[in-house]
Amino acid sequence: MASVSVIPPNPTDIPSEIKCQAIADNIKKDKGWDIEFDITNSDAEFSTDDATSNELKIALTARFPEDWTYLALTTQE
């Protein structure tokens, strides 16, 4: 599973569940990938089995502000 953690420069700017769902839906419509997300106090983590971490990171950087941090993570089950 590919995962990318999206971290805003200001912790109070964590995206809402509605915004994350809209981004996940937009990526599914654009790329056909099933995207899951989890919001914490410091980031929003997006994951999919349909792409590599790098591909997911590229898709997310196109949908979030430039000054945010993107950490690509790869997990194996």
Side-chain angles (χ1 to χ4, degrees):
M1 175 173 280
S3 297
V4 174
S5 181
V6 180
I7 307 164
N10 183 345
T12 61
D13 293 335
I14 297 296
S16 67
E17 184 168 345
I18 293 169
K19 180 171 181 167
C20 288
Q21 186 62 58
I23 289 170
D25 291 345
N26 182 268
I27 292 173
K28 180 171 178 122
K29 180 179 176 186
D30 186 39
K31 304 279 189 186
W33 304 340
D34 286 321
I35 305 287
E36 297 177 8
F37 63 89
D38 183 41
I39 302 169
T40 70
N41 290 336
S42 61
D43 71 350
E45 185 175 314
F46 291 80
S47 57
T48 184
D49 287 326
D50 300 327
T52 66
S53 291
N54 194 48
E55 290 170 328
L56 180 56
K57 180 179 175 183
I58 291 167
L60 290 168
T61 56
R63 291 164 174 87
F64 279 100
E66 290 180 16
D67 61 343
W68 288 32
T69 302
Y70 304 87
L71 299 176
L73 314 164
T74 304
T75 58
Q76 296 179 341
E77 295 180 2

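Note: hydrogens, waters and symmetry copies are ignored here, and every other heavy atom, side chains too, is used. What you are looking at is a predicted structure, and each value in this text was computed from that prediction instead of being measured.
Between the CG atom in Asp49 and the OG atom in Ser3 there is a gap of 9.0 Å [rounded to 0.5 Å]. To the nearest 0.5 Å, atoms OG (Ser47) and CG (Leu56) are separated by 8.0 Å. The CE atom of Met1 lies 12.0 Å from the CG atom of Leu73; values are rounded to the nearest 0.5 Å.
Atom CD of Glu36 has 12 or fewer heavy atoms from other residues, nucleotides or ligands within 6.0 Å.
The salt bridge (charged side-chain N to carboxylate O under 4.0 Å, His left out) contacts involving residues 10-23 comprise nothing, where partners must be two or more places apart or lie in separate chains.
Judged by distance alone, with hydrogens and angles left aside, the side-chain atoms of Asn10 form a donor-acceptor pair with the main-chain N or O of Thr12 at under 3.5 Å.
Here the closest heavy-atom approach between residue Val4 and residue Ser53 is recorded as CG2-O, 3.5 Å. When all heavy atoms are compared, the tightest approach of Ile14 to Ile39 is CG2-CG2, 3.5 Å. Considering all non-hydrogen atoms of both residues, Pro8 and Ser42 come closest at CD-O, 3.9 Å.
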With a 3.5 Å cut-off and sequence neighbours excluded, list the donor-acceptor pairs that the side chains of residues 27-35 form with protein atoms.
unit_1: Lys28; atom_1: NZ; unit_2: Asp34; atom_2: OD1; d: 2.3
unit_1: Asp30; atom_1: OD2; unit_2: Arg63; atom_2: NH2; d: 3.1

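Between Val6 and Pro15, the closest side-chain pair of non-hydrogen atoms is not below 4.5 Å. A 4.5 Å side-chain heavy-atom check between Ile23 and Phe46 finds at least one atom pair inside the cut-off.
Here Trp68 pairs with Phe64 under the ring-ring contact (aromatic ring centres under 6.0 Å, His included) rule; sequence neighbours left out.
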